[in-house]
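Counting starts at 1 for both ligands and their atoms, in listed order. Numbers here are sequence positions counted from 1.
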Amino acid sequence: MDRELALEIVRVTEAAAVSSAQWLGRGKKIEADDAATTSMRSMFDSVHCRGTVVIGEGELDEAPMLYIGEEVGDGEGPEVDIAVDPLEGTNIVASGRANAVAVIAIGDRGTLLHAPDMYMEKIAVGPKAAGSVRLDDPIETTIDTIAKTSNKRVRDVTVIIQDRERHQQLIDRVRAKGARVKLFGDGDVGASIAAALPRTGIDLFLGTGGAPEGVISAAAVKALGGDMQARLVPSDAEEKERCREMGITDTSKVLQLSDLVKGDDAIFAATGVSSGELLDGVRFLGGDLAETDSIVMRAKTRTVRYIKAQHHLDYKPHLLAEE
Ligand code: VTB
């Protein structure tokens, strides 16, 4: 993959973020998602690659744009797999809450797991604990492992978990063990990456969330030198069949980081829509000015870039929401 791709795709996530952030707190999740998807799709035309969407807005019959199998890019350059979530957290934006991002992961053709749209059990950690934790270890063991690898007291180990009924037992056990718990409402891409980024002070992400989001996060975790493991959680026979159709016959298998994102290269870019663990959201500063914060990383070289950008919307009228 060309390294220029990393900088090119941040323009795409910025556009999606600026468009969807205009819908923050307006109670309109479809409009927020449409705005992100339309901007992301049109920006992709200028990206120098022959991309195929492997994780996107749905199947062809469900989504007019960025559907699975759609070819994107300028039709030249490297052949790549593309995983997108133009607005990771549509409910967040509609209700005006934290943690929404516009996000893209890119891998060489055939390297990103074609995860079906269902639940996935996930664990993510940063570089210090990479190689030492296992999805199937009891949570108490994992916390002890992290205390050791990061030279922290158990009481300082911080676990981020999505605030859902299905995680109550897990939350109780982390508390009983004496570690810290950080809960988030929605948006497990940002939360899982936060666990792999040393500066956040978050040591561990655990829980069950979307499988497509899991693959996108895995590209970032790989670029950060962290670790992620996962297991698909099909809820019925139909979902099991979908796994089989996508080439996953044994759904009980623990998927390693190298199963989620094969090979040693992947590019990841995210722009904050509403402020969260990973990034600040879009700020509208008056006049035609909007400011964005993004993160871009590449697994091959482990470079992580934070990009702050100012956008003059008078020059980008296509990013403006319709009144
Ligand atoms: C998950 C998570 C996402 O929505 O898909 C979640 O991966 C849905 O979970 O990040 P519930 O079924 O419990 O609501 C997000 O939080 C946001 O899209």
Steps toward salt bridge (Lys or Arg N to Asp or Glu O under 4.0 Å) verdict (Glu71, Arg50) = CA-CA 7 Å; Glu71 313 250 306; Arg50 282 173 287 167; over 6 Å; no
For Asp156 and Arg180, what are the C-alpha separation, side-chain angles and deciding distance, and is it a salt bridge (Lys or Arg N to Asp or Glu O under 4.0 Å)?
-> CA-CA 6 Å; Asp156 296 328; Arg180 300 172 78 221; 5.9 Å; no
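The shortest heavy-atom contact between Gln229 and Leu135 is OE1-N, 2.8 Å.
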Give every pair made of an N or O atom of ligand 1 and a protein N or O atom lying under 3.5 Å apart, one pair per line with both atom names and the distance to 0.1 Å, or write 'none'.
| residue | atom | partner | partner atom | Å |
| --- | --- | --- | --- | --- |
| ligand 1 | 4 (O) | Asp186 | OD1 | 3.3 |
| ligand 1 | 5 (O) | Gly210 | N | 3.2 |
| ligand 1 | 7 (O) | Asp188 | OD1 | 2.9 |
| ligand 1 | 7 (O) | Asp188 | OD2 | 3.1 |
| ligand 1 | 7 (O) | Gly210 | N | 2.8 |
| ligand 1 | 10 (O) | Glu88 | OE1 | 3.3 |
| ligand 1 | 10 (O) | Glu88 | OE2 | 2.6 |
| ligand 1 | 10 (O) | Gly187 | N | 3.4 |
| ligand 1 | 10 (O) | Asp188 | N | 2.7 |
| ligand 1 | 10 (O) | Asp188 | OD1 | 3.4 |
| ligand 1 | 12 (O) | Tyr119 | OH | 2.4 |
| ligand 1 | 13 (O) | Tyr119 | OH | 3.4 |
| ligand 1 | 13 (O) | Arg164 | NE | 2.6 |
| ligand 1 | 13 (O) | Arg166 | NH1 | 2.7 |
| ligand 1 | 13 (O) | Arg166 | NH2 | 3.0 |
| ligand 1 | 14 (O) | Arg164 | NE | 3.4 |
| ligand 1 | 14 (O) | Arg164 | NH2 | 3.1 |
| ligand 1 | 16 (O) | Gln162 | NE2 | 2.9 |
| ligand 1 | 16 (O) | Asp186 | OD1 | 2.5 |
| ligand 1 | 16 (O) | Gly187 | N | 2.8 |
| ligand 1 | 18 (O) | Glu88 | OE1 | 3.3 |

List the atom pairs, donor and acceptor, that lie under 3.5 Å between side-chain atoms in residues 203-212 and the rest of the protein, sequence neighbours left out.
| residue | atom | partner | partner atom | Å |
| --- | --- | --- | --- | --- |
| Asp203 | OD1 | Lys152 | NZ | 2.9 |
| Asp203 | OD2 | Lys152 | NZ | 3.0 |
| Asp203 | OD2 | Thr158 | N | 2.7 |

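Salt bridge Asp186/Arg164: present, at least one basic N to carboxylate O contact under 4.0 Å. Salt bridge status for Asp264 with Lys300: absent, with no side-chain N to carboxylate O gap under 4.0 Å.
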